[in-house]
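In what follows, chains carry the letters A, B, and so on, assigned in the order in which the sequence lines appear, proteins first and then strands, with residues in each chain numbered from 1. Below, each value reflects all heavy atoms present in this structure, side chains not excepted, and no hydrogens, waters or symmetry copies.
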There are 2 protein chains.
Amino acid sequence: MSDADLLAFFKAMANESRLRIVGLLAQRERTVQELAETLVLKEPTVSHHLAVLKEIGLVTVRPDGVMRWHALDAGALAAMNRRLVSQEEVAALVPEESWESRVLSGFLDAEGRLKALPASRRKRWVILQWLVEQFDEDRRYPEAEVNATLQRRHWDSATLRRELIGAAMMAREAGVYWRLPRSAWRSYDDARLEPSQAMTA
Amino acid sequence: MSDADLLAFFKAMANESRLRIVGLLAQRERTVQELAETLVLKEPTVSHHLAVLKEIGLVTVRPDGVMRWHALDAGALAAMNRRLVSQEEVAALVPEESWESRVLSGFLDAEGRLKALPASRRKRWVILQWLVEQFDEDRRYPEAEVNATLQRRHWDSATLRRELIGAAMMAREAGVYWRLPRSAWRSYDDARLEPSQAMTA
DNA sequence: CATCTAATTAGATGAGCATCTAAGGAGACG
DNA sequence: CGTCTCCTTAGATGCTCATCTAATTAGATG
């Protein structure tokens with residue numbers, strides 16, 4: 001079942017009349033007339049609500065002469081329900097977080113600062129990509145400002161600055177730094193970054 | 001948890017943005033800014049959605065300096081979920097149909113006419129209570145009108161009329177009938193109704 | 001076939017709601 | 001105290017949807 005289905009399910013249930021219809025159908029099957037009378041609604045309105053519930057597979061119809069008996073599909077309810085039982089399932093509501101995002105959030109603390117620099121070169125690359133985004137593309141920065149910006153993310157601004165240069169994400173000339181375009185970056189697997197010591201916060 | 005809470009829960013989840021927010025918060029706590037950026041919404045919009053989710057107790061806030069970290073309350077999700085696991089729970093969405101209602105609907109056909117008069121004294125009492133409501137409290141009826149009204153519900157108006165009198169739900173004098181107040185009625189278990197023959201329609 | 005009843009479809013109306021911009025706190029920080 | 005940042009509140013706008021009336025379909029029945 002897709003996320004769109006789940007949304008449709010919630011939209012279907014997010015209406016008092018439909019919620020009451022579901023409750024009534026959970027007791028026993030009913031006709032449109034009967035529901036309309038019970039809910040004090042006109043038949044077309046009930047018909048409309050039943051169409052919505054049928055659309056998501058929650059209600060089935062059994063024609064009988066000129067009447068149509070509507071019943072709740074309990075299995076469909078249970079299926080929807082399984083989507084919500086665990087926090088993990090709910091987390092999956094969101095398009096899978098990319099590997100990069102998961103690496104990054106694993107190394108960030110609640111304040112958005114780096115808890116450590118990963119030892120893995122590939123993971124460190126993710127961190128550097130994120131770090132370089134702290135700088136504007138079109139500005140030139142004195143070293144003091146670079147350090148200040150980096151220190152908002154980690155105490156060891158010197159190492160971070162050195163690694164950004166090493167990855168060709170930033171350039172330096174005469175004490176002035178600037179951000180390089182993505183095209184200039186080395187890819188993580190040919191960058192020759194010296195293995196850094198663990199930098200635990 | 002009340003039905004109104006359940007409806008509020010569905011209304012809260014019946015929106016794509018909020019559904020995605022819940023998914024994101026299920027992964028880890030987030031700030032308004034972060035959510036706004038991820039969802040491509042303005043901060044006030046996210047703020048509004050978070051307020052809705054807080055209203056139903058699904059999201060909690062942890063202020064931290066100028067920022068506010070929002071997190072999912074997994075327990076609240078689980079609680080909502082328990083409401084939906086079984087068909088019995090869903091049936092309870094609707095105020096339990098009383099025994100009287102079930103008796104009545106069992107003896108009515110689709111047209112609202114009596115299929116039969118129950119043999120059980122207690123059940124017949126339910127039918128009579130419903131029948132007497134066909135008459136206004138403050139009017140006096142000639143016998144012909146009483147018969148006509150009763151015949152809209154069952155062919156044997158004579159028996160119905162006799163039983164209404166016997167139950168002290170209606171009174172008659174000089175060929176004129178009127179409805180008696182509920183206080184005047186005999187209770188079903190001391191009414192001395194002659195056991196009626198089965199009256200199948 | 002004509003008619004009756006149950007239900008659905010079509011179309012209109014009005015209420016609710018998602019989102020935005022603009023303005024107003026409120027904590028942090030020099 | 002003034003300013004910056006993050007967030008919320010207020011108010012406006014436009015879209016979605018719940019409900020209704022009127023018209024149509026479709027089975028049942030004489």
- prompt: Counting just side-chain N and O atoms, does A:T45 come under 4.0 Å of either OP1 or OP2 of D:dC20?
  reply: yes
query: Would you say A:S17 reaches D:dT19's phosphate, i.e. side-chain N/O to OP1/OP2 under 4.0 Å?
result: yes
- prompt: So does A:E145 have more than 12 non-hydrogen atoms from other groups sitting under 6.0 Å from CD?
  reply: yes
- prompt: Under 30°, 30 to 60°, or over 60°: which ring-plane class applies to B:F10 and A:F10, parallel, tilted or perpendicular?
  reply: tilted
query: Mind checking what makes salt bridge (Lys or Arg N to Asp or Glu O under 4.0 Å) contact with A:E29, not counting sequence neighbours?
result: A:R62
query: Which parts of nucleotides 5-17 of chain D does protein reach within less than 4.0 Å, heavy atoms only, written one letter per nucleotide 5' to 3' as B for base, S for sugar-phosphate only and - for none?
result: BSSBB-------S
message: Any donor-acceptor pair under 3.5 Å linking the side-chain atoms of A:R30 with those of A:Q27?
response: yes
field: Counterpart residues, side chain to side chain contact (heavy atoms under 4.5 Å, CB included), relative to A:V146 (two or more places apart)
entry: A:F135, A:Y141, A:L150, A:R161, A:Y177
- request: Could you check how far CZ of B:R62 sits from P of C:dG27, rounded to whole Å?
  value: 16 Å
task: May I ask which nucleotide in the shown strands pairs with D:dG30, Watson-Crick or G-U wobble, both distances under 3.5 Å?
output: C:dC1
Length of the CG-P vector between A:L53 and C:dT8, whole Å: 12 Å
- request: Quick one: closest heavy-atom pair of A:A12 and A:L53, and the distance?
  value: CB-CD2, 4.3 Å
- prompt: To the nearest angstrom, how far is A:H49 atom NE2 from C:dT9 atom C1'?
  reply: 16 Å
field: Distance, rounded to the nearest Å, where A:L41 contributes CG and C:dT8 contributes P
entry: 14 Å
